[in-house]
Peer 1: 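Sharing a structure here in structure tokens format.
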Amino acid sequence: MTKHLPNGVKQDSPATMPPTPTYPHPMRVLSVLSLKGGVGKTSVTLGLASAAHASGLRTLVIDLDPQANSTVVLDPQRVQFTSNDVLADGRSGIMEQAIVRSGWGDNISLVASERALEHRAVPEGDGNVRLRVTMQGLEGYDLILIDTPPALGELTRNALTASDQGLVVTEPSLFALQGAQQALDAMSIIRDTNLRLQVAGIVVNRVRPTSSEHRYRMAELALAYGDMLWQPPLPDRAVLQQAAGACTPVHAWRTQAGREVARIFDTYLELVLAAQVEPKPLRPVS
Ligand SMILES: Nc1ncnc2c1ncn2[C@@H]1O[C@H](COP(=O)(O)OP(=O)(O)OP(=O)(O)O)[C@@H](O)[C@H]1O
Ligand SMILES: [Mg+2]
């Protein structure tokens, strides 16, 4: 069987090729964001990529964080251009040229990041559309995931302007409510110009049900956000660190904790795919 890879190359499928997805759906772009650093944006992005990989979905991860954590874990072989180069160039459709195959396999591609992205000033005056313009004409993917930096600044706003869905990640801590609310507020501002943007939901990460503080914060979040909280919450599991450290999808970890976390990300992926998105490719914002 001949398969069309995301980069347009045709390749004969070996017997080990992941299964074809069983549900038809339009390409969708999801940004993962949070106000605070270290709450699990990259882990959730990679967990979703891992679930997509296991389902055989053609997936592109755009690393828009200068820390380049997703890039490291996705382990690409040779990176020529990064998201920093793409934003510096800014031309319509230029992102295609920065896409590389990840070390996870053919169906997970990557636009890598680099430290220099930190100093990239994305012009404010352009309505945050710069990234979106560079993504024009992208096709051949079921899912595009954007990992964002730990701030709601211009990189995150560019990510949201290019997205169909925004997924907020938070921890069950004192500032969880405030952080989640600020991320939701940032999305509602972007929605003024990007009408496609929907709130995918809120993932509460690193939950320890034995902690009374966590139970209290979970109840507080449930009261404020109800159904927006994705169930089940993501528990605190070292396997997420182990999988990232080994540059592998968490679905490759056949331990009890690995299977538990993989099942949760499968559920999350279903939630992403269940949302209705406009079946049109990205177009410039007029
Ligand atoms: N559920 C979890 N259980 C255990 N460790 C976790 C969990 N989620 C994240 N971690 C670990 O916490 C650290 C921070 O997570 P991660 O890098 O995903 O956060 P982030 O929000 O992307 O951070 P940054 O804002 O710096 O980009 C990592 O070492 C990660 O492996
Ligand atoms: Mg990160």
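Counting convention: from 1, in listed order, for ligands and their atoms alike.
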Peer 1: Check ligand 1 against P150 and write out every atom of the ligand that is under 4.0 Å from a heavy-atom position of the residue.
Peer 2: 25 (O)

Peer 1: Suppose I only count heavy atoms of G37 and a 4.0 Å limit; which atoms of ligand 1 are within that range?
Peer 2: 25 (O)

Peer 1: Do any of the N, O or S atoms of S70 sit under 2.8 Å from the Mg ion (ligand 2)?
Peer 2: no

Peer 1: Sort out for me which residue in L60, N107, V29 forms a side-chain contact (heavy atoms from CB on, under 4.5 Å) with Y141.
Peer 2: L60

Peer 1: What is the nearest protein non-hydrogen atom to atom 30 (C) of ligand 1, stated with its residue, atom name and distance?
Peer 2: S43 OG, 3.7 Å

Peer 1: Does S34 have a heavy atom less than 4.0 Å from any atom of ligand 1?
Peer 2: no

Peer 1: What about L234: any of its N or O atoms under 3.5 Å from an N or O on ligand 1?
Peer 2: no

Peer 1: Which one of R206, Q67, Q241 has a non-hydrogen atom at the shortest distance from atom 13 (C) of ligand 1?
Peer 2: R206

Peer 1: Under a 4.0 angstrom heavy-atom cut-off, which atoms of ligand 1 come close to D65?
Peer 2: 27 (O)

Peer 1: Is at least one protein non-hydrogen atom found at under 4.0 angstrom from atom 28 (C) of ligand 1?
Peer 2: no

Peer 1: Can you tell me if T161 and N128 form a side-chain donor-acceptor pair at under 3.5 Å?
Peer 2: no

Peer 1: Which atoms of ligand 1 are found less than 4.0 Å from any heavy atom of P235?
Peer 2: 1 (N), 2 (C), 3 (N)

Peer 1: The test is side chain to side chain donor-acceptor pair (under 3.5 Å); show your working for Q181 and D185 and say whether it passes.
Peer 2: CA-CA 6 Å; Q181 192 54 51; D185 291 347; 3.0 Å; yes

Peer 1: Which of these passes side-chain contact (heavy atoms from CB on, under 4.5 Å) with T170: V39, L229, I202?
Peer 2: I202

